[in-house]
Amino acid sequence: MHALLSFARIIDSINEKVGKSAAWLILIAVIVSTVNALIRYTFSISSNAWLELQWYLFAGTFLLCAPWTLKCNEHIRIDVVTGRFSPRVHAYIDIVGGLFFLIPVCLVILWSAFPFAWESIITAENSSNAGGLIVWPAKVLIPIAFTLLLLQGVSEVIKRFAFLQGLIDGKEFEKGGGHGATPDAVEVAEAASSQK
């Protein structure tokens, strides 16, 4: 189990780095959107490439931050139901959800996404819009993101089993479930409250 926990920590580290890097795409998307709007309204010039770049950046943010969101336990839950249960019951729910829902769904999506992305690459697929961008980079994000999400799902299942065996305390996956509860946000909030 210790080897599996080490593997889970490696996955966690990778997804945290990818997620934190991908989060910067939001800033780039805001800048692109702002510049695009200013040029469109000031000079009456529009470009499909700029519009498509905005949704590429949004897709990149959403897809590449999803595994990090799972790692931080910030995904959507039905807290009204699960909030009444003990941490051990939560762990069992997460194991069942991971093994019977998350991991199989990721595998099914990957089964379809790899050929979908590969065909786009080999055909050098371009946007059907005039002046649009190449499409394959956006399509390649799908198998990359779902591979990372699959790995994070495996990591979460490993950590829940370790928690049930008493090998870890489980605090890292009990923190989530609300906005502003990511480890970074918690550290900032604790630092702010200690300065008062």
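Along the sequence shown, residues are numbered consecutively beginning with 1. Since the model is a prediction, treat every value here as computed from it, not as a measurement.
Here the side chains of Phe161 and Leu167 are not in contact, with every heavy-atom distance at 4.5 Å or above. Using a 4.5 Å heavy-atom threshold, the side chains of Phe163 and Arg88 count as touching. Residues Trp68 and Val18 are not in side-chain contact: their nearest non-hydrogen atoms beyond the backbone lie 4.5 Å or more apart. In this structure, Glu156 and Asp94 have side chains that are not in contact, with every pair of non-hydrogen atoms separated by 4.5 Å or more. Side chains of Leu102 and Leu70 form a contact here, defined as non-hydrogen atoms less than 4.5 Å apart. For the pair Asn48 and Leu51, the minimum side-chain heavy-atom distance is below 4.5 Å.
Note that SG of Cys65 is 11.5 Å distant from CD of Glu16, once rounded to the nearest 0.5 Å. Between the OG1 atom in Thr69 and the CD atom in Gln152 there is a gap of 10.0 Å [rounded to 0.5 Å]. Residue Asn126 holds its CG atom at 8.5 Å from OG1 of Thr123, rounded to the nearest 0.5 Å. Annotation: the span from Leu150 atom CG to Ile109 atom CD1 amounts to 10.5 Å, rounded to 0.5 Å. One distance of note links CD of Gln54 with CG of Leu57; it measures 8.0 Å at 0.5 Å rounding. Going from atom OG1 of Thr147 over to atom CD1 of Ile142 covers 11.5 Å, rounded to the nearest 0.5 Å.
Side-chain atoms of Ser155 never come within 3.5 Å of backbone atoms of Leu151 as a donor-acceptor pair (strictly under, hydrogens ignored). With Ser33 contributing its side chain and Ala29 its backbone, the two residues share no donor-acceptor pair below 3.5 Å. Within the 3.5 Å criterion, the main-chain N or O of Leu148 finds a donor-acceptor partner in the side chain of Asn15. In this structure, the side chain of Ser120 does not engage the main chain of Phe116 through any donor-acceptor pair within 3.5 Å.
Nearest heavy-atom pair, Leu25 versus Gly60, reported as atom, atom and distance to 0.1 Å: CD1-C, 3.8 Å. Counting all heavy atoms, side chain and backbone alike, Phe7 lies closest to Val154 at CE2-CG1, 4.3 Å. Closest approach of Ala162 to Met1, counting heavy atoms only: N-CE, 3.6 Å. The nearest pair of heavy atoms linking Val140 to Pro143 is O-CD, 3.1 Å. Here the shortest heavy-atom pairing between Ala49 and Leu133 reads O-CD1, 3.6 Å. Between Tyr56 and Val135, the shortest heavy-atom distance links the atoms OH-CA, 3.2 Å.
Of the N and O atoms on the side chains of Ser13 and Lys17, at least one donor lies less than 3.5 Å from an acceptor on the other residue. Under 3.5 Å, the side chains of Ser127 and Glu52 contain a donor-acceptor pair of N or O atoms.
Hydrophobic clustering of Ile, Leu, Val, Met, Phe, Trp and Tyr side chains at less than 4.5 Å, counting indirect connections, unites Ile121 with Ile134. The hydrophobic clustering, which links ILVMFWY residues whose side-chain heavy atoms are closer than 4.5 Å, places Ile122 and Trp136 together. Follow the hydrophobic side-chain contacts under 4.5 Å out from Phe62 and you never reach Val32; the two are in separate clusters. Ile158 is connected to Ile10 through a chain of hydrophobic side-chain contacts under 4.5 Å among Ile, Leu, Val, Met, Phe, Trp and Tyr, so both are in one cluster. Residues Leu107 and Trp118 share a single hydrophobic cluster, defined by chaining ILVMFWY side chains whose heavy atoms lie under 4.5 Å apart.
The pair Asp12-Lys159 meets the salt-bridge criterion, with a side-chain N (NZ, NE, NH1 or NH2) lying under 4.0 Å from an Asp/Glu carboxylate O.
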Show your working on side chain to side chain contact (heavy atoms under 4.5 Å, CB included) between Phe43 and Leu38 and close with a plain yes or no.
-> CA-CA 8 Å; Phe43 302 108; Leu38 288 172; over 6 Å; no

In sequence, state the C-alpha distance, the side-chain angles, and the governing distance for Leu63 and Ile144, and then conclude on side chain to side chain contact (heavy atoms under 4.5 Å, CB included).
-> CA-CA 9 Å; Leu63 288 168; Ile144 291 170; over 6 Å; no

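More than 12 non-hydrogen atoms from other residues, nucleotides or ligands lie less than 6.0 angstrom from CZ of Phe114.
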